[in-house]
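The structure appears below as C-alpha cells.
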Amino acid sequence: MSEWLENHLPKVVLAPSFIAVLIFVYGFIGWTAWVSLTRSKLLPKYEIKGFVQYERLFDSPRWDTAINNLYIFGALFIVIAMVLGLALAILLDQKIRVEGFIRTIYLYPMALSMIVTGTAWKWILNPGLGIESTVRGWGFENFTFDWLVNPDFAIYTIVMAAVWQSSGFVMALFLAGLRSVDGEIIKAAQVDGIPTWRIYTAIIIPSMAPIFLSAFIVLAHLAIKSFDLVIALTGGGPGYATDLPATYMYAMAFSRGDIGQAAASAMIMMLVVFAIVVPYLYSELRAKND
Amino acid sequence: MTDLSMPRTRAQGTAGKTALRWLLYVLLGLFALYYLMPLFVMVTTSLKSLEEIRTGSLIALPRDVTLEAWKTAWSGACTGIQCEGLRPYFWNSVLIAVPAVILSTLLGALNGYVVAQWRFRGANIIFSLMLFGCFIPFQVVLLPMARLLGLMGLAGTIPGLIFVHVIYGLGFTTLFFRNYYVTIPAELTKAARVDGAGFFRIFWSIFLPLSLPIIVVTVIWQFTQIWNDFLFGVSFSQAGTQPVTVALNNIVNSTTGVKEYNVDMAAAIIAGLPTLLVYVVAGKYFIRGLTAGSVKG
C-alpha cells in the first residue's frame, strides 16, 4: 500500500487541483452552455429549448450596442496602446540615464484596480468640475469636453482610461523585446551606415513579431473581459451607451433575473476569447514541447 | 518616433545631437506627466475641502491642506445605507486575499513541481487543460458558481470568496511554478531518488529552498489579482462581506447626500495603496509576473 502511494504520489498531489479545474472550469462551462439553451429566467431550468436565447440576444438592441462598443473599444484600445507602448519603448531604449525611474512611472497604473482608475478618470472627465471647467477657467469659455455624459462619445472615455492603465505594460513587453534583439546585427548595420530609423523599421521591429502577437493577445483578452472599468467610469451609461458584453452579461444575471440571456451572452464572450487565445496557446505549447 | 533615436548614428553635428537628446528627455518627461497626472489629481483633490473643489481648478495645489476627506473615507463614508467608511471592507479584502494567496501559491508550487519534475503519461494534457482555464472569461462560470456557493452555504461569505479565488488562481500559479521548475535539471530529482529521498522530501529540501524568486513573483501576482478583483467580489458578496473594490464603487456611486469628490479620491487612493506599495517595493517581481502571465514564460 505504502509503495503504491509512493509511486503514485505525484498523481495524488495533482489530482485535487485537476479535478477542481475539471469541475469548476469545464463542468461550469458545460452548465452555462446547457442553460443558454433553455428558457431560464430567474431560476435555471434544464429543459432544452434550442437556440431561443441566442436569437433573443442577437435581436436585442442592447446587445447590439454592446458588441458595437466592443469593436470600437477593442480596436482603439489595442491599436493606441500598442503604438504608444512601442513608441515609449523605443524612446526609453536610447540609453536613458534614469530609465528605471521613468519605467516605474509608466507602469504603475497596471498595479491599480480598474475601479480605482475608473474613479480617478471619472473625476478628471467630470464636465462640471474636471478638465472642462479647468480649461474654461483659463479663459476658454466655450471649451466643451463632456464625453463622459455624451452617449455618442462616452465609449471613448473608456478607451482613454484603459490606454492609460495598460500602455505602460505594453511598453515593458516591447522594451524586453528590443533588448533581446541581437546587438551584433545592429552594430553591423550601423557600421554599414544604415540610418537608425531604417534599422528600426527593417531589422528590429520585424524581429519582434512574436512580441506584437503576445501584446495583441493580452490586450484583446483584456478588452473582451473589460467590466470593472466600465462600471466605475460610466456604469454602462448614459443609458446603456457604454455597455460591453461583460456588463450586459452581469446586468442580465444579477439585476434583470434573466439567466438564459446571461448564459448565452457569456457563451458568446467565451467563444470570442477562445477564437483568439486557443490558436495562440496551442502554438506556444507545441513550440515548448518541441 | 524612430527619428528621435538618431543620436545612435554617426556623422551628426554635436549641436544637433544635443538638441535631439533634449527633445528625447522632454518627450519622456511629458509622458511621465501624463501617467502621473491622474495620481496627482487624486492626491490633491483628496486634500482639498469641498468648497475649494467647487471654486478652484482641477490641477491647482490645495490652499488649505485638510485630512478630513481621508478620515471620512476611512471610517465615515456611506456605501449605500451603511456609513462606516472603507475600513471594514479594507479588512475584508485582507481576510480574503491573505489565505487565498497562501493557498493558491502552495498548491501551485506542488502542482508545478509534479508537472515539471514527475512527468507521467497525460501530465502535459492535464497541464494544458489547467492552463486554458486561465483564459476563460469568468462570466462563463459566474452563474453556476453562484448556485454552487449557495448549495455549499458559502454564498455571500468570505470563505466563499477565498474558495473562488483559489480555484481560479490555480492555473496561473501552476504555470508560474511549472515554468520555473522546468529549468531545474531532472537529474537532480533522479539522484535524490537514488539516495532514497521521497516525493515530499525532495520538494521540501531541494525545490523549496530554490524557489524564493518564483514564490515572490507568484505571491505578488496573486495578491494584485485578488486585491483588485471586482467581478467575483460584486457577484459573490453581500452587505458586510464586500471587498474594498466593491465598497469603493459603492461609495463613489452612492446617491445619498452631497457628492463628496474629495472623499471619493481619498477612498480610491486607500483602495489602491496596498497594490501600489507592493509595486513600488517589488516592481521587478511584479513585472516578471506580468510578462509570465502573458504566457511568454
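Chain identifiers are assigned alphabetically (A, B, ...) following the order of the sequence lines, protein sequences preceding nucleic acid strands; residue numbering begins at 1 within each chain.
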Classify the ring geometry between F31(B) and Y106(A) as parallel (under 30°), tilted (30 to 60°) or perpendicular (over 60°). perpendicular

With a 4.5 angstrom heavy-atom cut-off, is it the side chain or the backbone of [X] that approaches chain A, or both, or neither?
X: L273(B); result: neither
X: M130(B); result: both
X: I167(B); result: side chain

Nearest heavy-atom neighbours spanning [X] and [Y]:
X: P137(B); Y: K225(A); result: CA-CD, 3.6 Å
X: S17(A); Y: N111(B); result: OG-ND2, 2.9 Å
X: A253(A); Y: L143(B); result: CB-CD2, 3.7 Å

Side chains of [X] and [Y]: does their closest heavy-atom pair fall under 4.5 Å?
X: T45(B); Y: W123(A); value: yes
X: F120(B); Y: L14(A); value: yes
X: L43(A); Y: R147(B); value: yes
X: V141(B); Y: W31(A); value: no
X: P109(A); Y: Y35(B); value: yes
X: Y279(B); Y: L112(A); value: no
X: V140(B); Y: F28(A); value: no
X: I105(A); Y: Y34(B); value: no

Let me know if [X] has heavy atoms under 4.5 Å from chain B in its side chain, its backbone, both or neither.
X: M270(A); value: both
X: V273(A); value: side chain
X: S167(A); value: both
X: Y108(A); value: both
X: V35(A); value: neither
X: R136(A); value: neither
X: V116(A); value: both
X: I231(A); value: both
X: K122(A); value: side chain
X: A176(A); value: neither

Between [X] (side chain only) and [Y] (backbone N and O only), is there a donor and an acceptor less than 3.5 Å apart?
X: Y26(A); Y: L129(B); value: yes
X: Y250(A); Y: Q139(B); value: no
X: N228(B); Y: A111(A); value: yes

Residue among V278(A), I29(A), T104(A) with most heavy-atom pairs under 4.5 Å to chain B: T104(A)

Heavy-atom pairs under 4.5 Å with chain B are the metric here; pick the option from F18(A), W164(A), F274(A), W121(A) that has the most. W164(A)

[atom1]/[X] to [atom2]/[Y] distance, rounded to the nearest 0.5 angstrom?
X: R103(A); Y: L28(B); atom1: CZ; atom2: CG; value: 12.5 Å
X: T275(B); Y: M110(A); atom1: OG1; atom2: CE; value: 11.5 Å
X: L23(B); Y: L91(A); atom1: CG; atom2: CG; value: 9.0 Å
X: F163(B); Y: F24(A); atom1: CZ; atom2: CZ; value: 3.5 Å
X: L27(B); Y: L92(A); atom1: CG; atom2: CG; value: 11.0 Å
X: I102(A); Y: Y25(B); atom1: CD1; atom2: OH; value: 7.0 Å

For W34(A), does the CH2 atom have more than 12 heavy-atom neighbours from other residues, nucleotides or ligands under 6.0 Å away? no

Is it the case that over 12 heavy atoms from other parts of the model lie below 6.0 angstrom from the CG atom of L30(B)? yes

